[in-house]
Undergrad: 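Pasting a structure below so you can have a look.
Quantities reported herein were computed from a predicted structural model and do not represent experimental measurements. In listed order, ligands and their atoms are each counted from 1. This chain uses plain numbering: 1 for the first residue, then up along the sequence.
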Amino acid sequence: MGEDSAEMRALVIYCHPDPQSFTAAVRDTVLARLETAGAELRVIDLYGEGFDPALSRTELQTYADTVVNTRGIEAHAAGLEWCDTLVFVYPTWWYGLPGMLKGWLDRVLMPGLAFHMPDAEHRLIRPGLTRVTGLAVFTTCGASWWLTAWVGAPGKHQLLRGVRAICAPNCRTAFAAHYLMDSSTPASRARHLARVAATVERLVPGRTSGRLRRLPFLGRRDGPAAGSARLAETGTRRQDGSDQDGGRRVQGSFTIAIDGPAASGKGTISRALAEKFGLAHLDTGLLYRATGAKVADGMAPITAAEGLMPADLERGDLRSAEAGQAASRVAAIPEVRTALVDFQRRFARRQGGAVLDGRDIGTVICPEAEVKLYVVADDETRAKRRFAELAASNPELTLSTVLEDLRARDRRDSERAASPLKPAEDALVLDTTRMSIDEAVEAAAAAVVARMPG
Ligand code: DC
């Protein structure tokens with residue numbers, strides 16, 4: 001047993017029906033890393049042992065009877081009593097736990113063993129897994145990070161919040177997921193296994209990179225791993241599912257707010273910063289474009305905004321000049337803005353840090369953002385950039401129409417009463433008129449680095 005982990009006893013709950021699955025490779029990586037760290041290991045293979053996940057009527061009748069409620073699950077109960085580290089390895093199905101694993105929670109996390117039922121003195125259940133000081137989740141998701149987060153990530157939260165609540169108060173957590181599994185590649189899977197290995201390190205007592213450290217940043221994420229990352233188009237994490245907790249990355253929240261008029265370069269800068277520092281990115285203009293498109297289809301603006309779905313953001317027509325104008329019109333309606341605020345604020349303060357670009361991020365959505373940039377460029381330069389983007393798909397377009405369109409939109413966005421386009425008082429103004437993309441990104445990145453703690 002290694003010096004770092006003399007006390008480490010890890011119970012790995014593995015749940016996948018196919019021994020050839022990528023989840024099996026994740027399990028093997030977890031086991032190999034734990035073994036190297038000197039941990040004692042026990043593995044429960046739910047499908048392998050033919051675990052019955054359905055809590056029966058009889059079991060429900062004796063649920064609270066701590067003398068008999070672990071009958072039939074003795075080995076599982078013994079594992080829970082033995083371990084100080086609990087690791088779950090499973091595929092995410094329908095955004096949550098596979099039925100088999102949910103059934104394990106139902107049938108094994110019993111009163112008296114895993115928690116204590118409310119009684120005359122306690123209104124709430126009390127933790128029973130108080131020896132467990134490390135809890136980790138390794139999973140794969142067919143959906144994108146974006147869609148999973150939008151649905152609420154029920155599987156992740158059931159374990160890292162629900163089960164965490166019955167563990168030791170100082171229990172550390174670790175998480176790594178590979179999203180968009182169906183379009184995974186050998187390279188994305190290999191990267192994920194490396195991430196899993198790094199994440200397991202966090203569980204080892206004595207390692208310094210645990211989640212319990214409160215520093216907002218452990219370090220800059222500008223090494224080769226970040227450089228090779230791919231960004232999804234919008235509202236995004238990296239496509240290969242980088243919700244990992246290992247390695248040098250943002251801890252806690254850290255918000256970069258980037259505002260500015262249309263075609264100023266804020267979108268390009270935002271995506272580049274997100275990639276460079278390993279942050280999530282939200283193009284908030286897309287929320288308004290999607291709302292505007294639904295209104296153009298005949299829906300009432302407030303209903304459209306309140307019912308916005310991830311699929312609405314994936315429409316192919318959102319980048320057109322018409323969609324931009326429709327967005328600018330609905331964006332002037334206060335109730336539309338209100339309907340979109342919560343989502344943006346939650347995104348801005350999410351764990352791991354975020355970049356948001358729009359018109360009111362630094363002033364209204366996240367006035368407490370650690371970094372605020374206001375990106376501008378002169379009208380002609382912006383019109384040329386937008387023209388270059390749109391001309392191929394619209395041969396009728398002329399530079400002067402684009403210029404008029406941008407000016408009309410800027411006027412409406414700046415003159416509206418509700419959250420108008422303007423720089424926050426403490427924003428750094430970046431004029432990209434005479435800058436190349438690289439120069440603009442470099443200047444923005446320097447502003448970010450200057451505000452990073454440590
Ligand atoms: O960034 P964009 O060009 O895609 O935005 C389209 C319109 O949406 C823009 O003209 C105004 C509106 N918008 C807004 O009012 N507030 C935001 N945070 C983002 C966009």
Side-chain angles (χ1 to χ4, degrees), residues 233-236 255-271 273-274 281-296 301-302 304-305 308 312-348 354-367 369 372-377 379 381-390 393 402-424 427 430 432:
E233 271 303 296
T234 54
T236 72
T255 313
I256 303 177
I258 306 195
D259 293 303
S264 56
K266 62 186 187 311
T268 306
I269 292 172
S270 302
R271 283 189 293 275
L273 292 181
H281 170 231
L282 180 63
D283 166 6
T284 63
L286 207 60
L287 304 176
Y288 293 95
R289 284 175 182 261
T291 306
K294 290 172 84 177
V295 171
I302 301 168
L308 211 59
D312 297 327
L313 306 182
E314 278 153 30
R315 290 172 58 141
D317 58 352
L318 297 185
R319 290 285 162 207
S320 67
E322 295 72 32
Q325 290 290 358
S328 171
R329 279 193 293 274
V330 292
I333 303 170
E335 292 84 352
V336 165
R337 305 198 72 82
T338 305
L340 301 174
V341 161
D342 272 0
F343 174 75
Q344 295 177 77
R345 288 203 174 130
R346 265 186 281 121
F347 194 99
V355 188
L356 287 82
D357 69 273
R359 302 294 187 287
D360 60 342
I361 310 303
T363 50
V364 174
I365 299 297
C366 202
K372 293 184 199 173
L373 299 177
Y374 191 76
V375 183
V376 295
D379 294 0
T381 305
R382 293 189 295 123
K384 279 186 202 150
R385 288 177 187 165
R386 190 44 55 91
F387 180 69
E389 266 171 41
L390 299 177
S393 58
V402 174
L403 182 57
E404 265 170 46
D405 181 79
L406 285 184
R407 283 181 172 153
R409 204 138 69 86
D410 289 350
R411 217 170 15 252
R412 194 185 297 112
D413 294 344
S414 317
E415 290 175 3
R416 70 185 178 216
S419 312
L421 165 67
K422 63 175 181 188
L430 189 62
T432 65

Undergrad: Would you call Arg407 and Glu404 a salt bridge, taking side-chain N to carboxylate O under 4.0 Å as the test?
TA: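 Looking at Arg407 and Glu404, the cut-off is not met.
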Undergrad: Let me know which protein residues bring a heavy atom to under 4.0 Å of ligand 1; chain then number is fine for ordering.
TA: Lys266, Thr284, Gly285, Tyr288, Arg289, Ala327, Ser328, Ala331, Arg337, Gly358, Arg359, Asp360, Arg409, Asp413, Arg416
Undergrad: Any ring pair (Phe, Tyr, Trp, His ring centres under 6.0 Å) involving residues 318-340? Give me the pairs, sequence neighbours left out, ordered by first then second residue.
TA: none
Undergrad: Before you tell me yes or no, could you show the steps for Arg382 and Ser264 under side-chain contact (heavy atoms from CB on, under 4.5 Å), namely the whole-Å CA-CA distance, both residues' side-chain angles and the distance that decides it to 0.1 Å?
TA: CA-CA 6 Å; Arg382 293 189 295 123; Ser264 56; 4.1 Å; yes
Undergrad: State, without any angle test, whether Thr432 and Arg385 hold a side-chain donor-acceptor pair at a distance under 3.5 Å.
TA: yes
Undergrad: Do any pairs count as a side chain to side chain donor-acceptor pair (under 3.5 Å) and have a residue in residues 325-335, sequence neighbours left out, and if so which ones?
TA: Gln325-Asp405, Gln325-Arg412, Ser328-Arg412, Ser328-Asp413
Undergrad: Quick one: which residue pairs count as a ring pair (Phe, Tyr, Trp, His ring centres under 6.0 Å) with a foot in residues 321-343, not counting sequence neighbours?
TA: Trp146-Phe343
